[in-house]
2 protein chains.
Amino acid sequence: MVRIVDVAAEAGVSPSTVSHVLSGKRPISEATRERVLEAVRRLNYVPNPAAQALRERSASAIGFYGSDISETFVARNIRGVERVARHAGYHLLFASGIEFDYDVGRALDFLHSRRLDGIILAFAFNETEPIPFPRGLDCPVVTINRAVPEGYHSVLPDNRRGGYEAGRHLLESGATRIGFIGGPPNRPASSERQLGLARALEEHGLALEERRVYLGDYSQGSGVIGLRRLLEADPGIDGVFCVNDFTAAGAINAATQLGRRVPEELKVLGYDDRDFAEFWPVPISTFSYPLEEMGQYSAELLLSLMRGDSLPELTHYIPSTLVRRRSTAS
Amino acid sequence: MVRIVDVAAEAGVSPSTVSHVLSGKRPISEATRERVLEAVRRLNYVPNPAAQALRERSASAIGFYGSDISETFVARNIRGVERVARHAGYHLLFASGIEFDYDVGRALDFLHSRRLDGIILAFAFNETEPIPFPRGLDCPVVTINRAVPEGYHSVLPDNRRGGYEAGRHLLESGATRIGFIGGPPNRPASSERQLGLARALEEHGLALEERRVYLGDYSQGSGVIGLRRLLEADPGIDGVFCVNDFTAAGAINAATQLGRRVPEELKVLGYDDRDFAEFWPVPISTFSYPLEEMGQYSAELLLSLMRGDSLPELTHYIPSTLVRRRSTAS
DNA sequence: CTATAATATGCAATCGATTTGACGACTTGT
DNA sequence: ACAAGTCGTCAAATCGATTGCATATTATAG
């Protein structure tokens with residue numbers, strides 16, 4: 001491998017001159033400059049990043065942990081993160097949860113041991129178990145889709161507001177007897193959306209009645225079962241907010257099978273804007289996350305923390321936007 | 001940051017002893033060993049990876065390029081790669097195509113400049129433009145989903161065989177007038193599957209008639225249009241092989257709208273086993289790629305190349321497996 | 001009780017790029 | 001023509017871990 005001394009020899013100068021030419025940290029005469037650059041090109045020289053990192057006490061690297069990279073949520077986050085990071089001259093070290101047996105702790109230990117300049121943790125599901133940060137972890141950390149009580153910064157989707165807007169939209173589209181098919185109660189994503197929905201209904205003088213709530217497991221199957229239960233409990237239901245698009249798809253399937261026309265007799269609203277929502281037999285109205293922007297924003301946050309800025313807010317909420325499709329058309 | 005000399009001082013030994021304890025490359029008496037380990041724990045020492053990389057002339061890192069990380073194909077590849085890589089003591093440096101404006105060349109330049117021990121390139125779509133490998137790139141390279149004429153190793157899905165098995169399956173399920181809705185002709189994934197399908201039909205004394213072939217763009221919309229065209233050209237069509245699940249979903253939608261019952265009157269077969277295929281109103285029969293295994297396999301390939309093994313075969317085909325669902329039930 | 005082997009530990013050079021202080025070669029003003 | 005000042009370049013120290021060689025220590029044999 002060609003070293004800086006080789007380039008120096010080729011150009012007939014000292015290594016420090018080569019370094020100065022490349023970094024521009026000292027003025028170099030145009031003639032030597034040209035000669036050095038020519039030598040660099042001829043020898044195809046690339047500085048050894050390990051030597052640079054050692055000398056500069058910084059790997060110019062950001063660690064990215066994703067609880068599951070094959071989840072769209074995480075995969076699209078990373079795109080935003082990468083854009084910002086690379087622009088700022090940092091590269092991405094990758095560690096997914098899967099390979100650590102879903103163990104954030106071990107992934108963090110690993111990232112810590114790599115002496116990174118910053119770490120971003122992205123979670124596909126907003127669980128609530130605490131994150132075991134390694135002791136001695138001294139670099140800035142930003143989390144995506146998980147609130148961290150320990151005082152780290154986090155970027156979160158505004159689920160409460162999403163639920164609220166879901167309620168408003170269903171009301172505006174003419175529904176009055178509105179139900180909710182959610183996920184497990186310990187999942188903030190689900191419970192927050194439910195709370196938002198309830199508030200929207202209350203503002204309209206309505207209540208989110210308990211018999212109109214079914215809590216499943218985010219799956220398509222729980223949409224099927226959930227819709228059946230809801231109709232049993234109240235056959236007059238005319239609008240359902242589902243915690244995600246899988247559930248909404250199941251609900252639409254079930255409604256169609258039971259002879260209820262969507263959206264004429266029943267409005268169904270999903271969440272997440274999965275790829276299939278757009279062309280489901282009844283195209284599904286849903287909420288789209290600005291996933292790349294969330295990644296981007298968290299990387300910008302991390303960069304300011306790395307620069308030493310202290311930011312007042314610890315949690316940063318990002319709104320989702322409603323995507324109107326046929327399943328809630330008036 | 002605590003250095004090896006700090007640990008040495010704390011334990012009352014020399015740095016080299018600490019190094020030997022940690023690496024186990026030389027025998028150390030149990031007593032000193034304990035003392036050193038205790039010091040390491042007390043000071044929370046982690047070796048500086050840059051210094052190690054510099055000294056050992058290896059970053060213990062593998063570069064991963066994904067043409068688009070938010071594509072399931074690539075995202076699941078990376079999981080397999082990571083599993084194998086980390087087990088062998090390597091970590092993953094990540095570069096996605098998106099952030100280089102889809103430019104493989106610049107991503108490769110970047111990965112090259114990081115002095116990696118090996119590089120894996122995963123492509124979401126099997127295009128045919130040549131890959132601009134940087135000159136002086138001296139580390140092993142393995143590509144996924146892209147044949148590379150330049151003599152690099154590649155791991156590819158066996159599309160020809162998939163198409164062949166698609167044909168066999170449609171025939172077995174009772175169809176005889178079989179059509180194909182594909183992607184653009186320059187895409188090997190599409191054309192190979194078509195060739196495989198044609199061969200299966202020929203073996204049965206049938207031909208893949210040109211009027212029964214529609215080439216679209218992989219989208220759901222081209223499934224809708226494609227199916228209409230095919231039915232116009234030959235109303236008696238009773239089986240359609242679609243190049244992917246989006247197209248198959250569109251074809252099923254269109255068939256349902258035109259009053260053709262799937263699968264009773266028309267069998268529809270997809271490819272890729274996307275998440276929605278399982279619970280589409282008519283669950284879609286499809287082919288599932290062993291995506292993680294492909295990642296795993298390519299990483300294993302890369303590791304042997306890094307060890308200096310020379311492998312006879314350059315292209316390694318991985319079969320997909322048929323997933324039988326309702327859309328092709330007899 | 002010395003000689004020899006075996007074992008454990010330390011010293012110092014090394015990996016490759018960066019940077020500080022120093023120095024030589026010019027230019028400019030008086 | 002000389003002092004003062006620029007400008008460009010270089011030599012050498014530095015970052016932190018590893019390792020070949022040397023040495024100190026202990027065990028074993030003669």
Side-chain angles (χ1 to χ4, degrees), chain A residues 1-40 43-61 89 91 112-117 136 138-139, chain B residues 1-40 43-61 89 91 112-117 136 138-139:
Chain A
M1 205 81 263
V2 37
R3 312 186 312 285
I4 198 170
V5 293
D6 303 325
V7 177
E10 176 85 7
V13 295
S14 80
S16 57
T17 303
V18 177
S19 173
H20 290 138
V21 167
L22 261 32
S23 69
K25 289 192 180 170
R26 283 232 187 143
I28 297 285
S29 72
E30 195 50 42
T32 9
R33 180 191 173 66
E34 257 320 312
R35 227 156 8 105
V36 169
L37 255 29
E38 176 55 31
V40 165
L43 298 180
N44 210 14
Y45 169 70
V46 181
N48 184 322
Q52 285 181 317
L54 177 59
R55 174 66 218 219
E56 297 179 353
R57 291 179 179 66
S58 146
S60 305
H91 60 266
H112 173 53
S113 78
R114 304 311 304 180
R115 301 264 175 119
L116 301 160
D117 302 306
D138 48 1
C139 70
Chain B
M1 204 83 259
V2 38
R3 315 184 311 284
I4 198 171
V5 292
D6 303 325
V7 177
E10 176 86 7
V13 296
S14 80
S16 60
T17 304
V18 177
S19 172
H20 291 138
V21 168
L22 261 33
S23 70
K25 289 192 180 168
R26 286 228 192 137
I28 298 285
S29 71
E30 195 50 42
T32 13
R33 179 191 174 66
E34 259 319 313
R35 225 152 12 99
V36 168
L37 256 29
E38 176 55 29
V40 165
L43 298 179
N44 209 13
Y45 168 71
V46 181
N48 183 322
Q52 285 182 316
L54 177 58
R55 175 66 219 223
E56 297 182 348
R57 290 181 180 64
S58 145
S60 305
H91 59 266
H112 172 52
S113 78
R114 305 310 306 178
R115 301 265 173 115
L116 301 159
D117 302 306
D138 50 0
C139 71

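Reminder, nothing fancy here: chain letters follow the sequence lines and each chain counts from 1.
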Would you call B:Leu37 and B:Val21 a side-chain contact if the rule is heavy atoms closer than 4.5 Å? yes
Give a yes or no answer on whether the side chain of B:His91 reaches the backbone of B:Ser60 with a donor-acceptor pair at less than 3.5 Å. yes
Contact check, side chains of B:Met1 and A:Asp138, non-hydrogen atoms, under 4.5 Å: yes
Going 5' to 3' through nucleotides 9-14 of chain C and flagging B where a protein heavy-atom sits under 4.0 Å of the base, S where only the sugar-phosphate is that close, and - otherwise, we get BBB-BB
B:Arg3 atom CZ is separated from D:dG16 atom P, nearest whole Å, by 5 Å
To the nearest 0.5 Å, what is the distance between CD1 (A:Ile28) and CZ (A:Arg35)? 10.5 Å
Grab the CD-P distance between B:Glu56 and D:dC15 for me, whole Å please. 20 Å
B:Leu22 CG to D:dT19 P, in whole Å, measures 12 Å
Is the phosphate of C:dA17, meaning OP1 or OP2, less than 4.0 Å from a side-chain N or O of A:Tyr45? yes
Whole-Å gap separating C1' (D:dA17) and CG (B:Asp6): 13 Å
Just N and O in the side chain of B:Lys25: are any of them under 4.0 Å from OP1 or OP2 of D:dT19? yes
A:Leu54 CG to C:dG16 C1', straight-line distance once rounded to whole Å: 9 Å
Would you give the length of the straight line joining atom CZ of B:Arg33 to atom CG of B:Leu22, rounded to the nearest 0.5 angstrom? 9.0 Å
With respect to the phosphate group of C:dT18, does any side-chain polar atom (N or O) of A:Gln52 fall under 4.0 Å of OP1 or OP2? yes
A:Arg114 atom CZ, over 12 foreign heavy atoms within 6.0 Å: yes
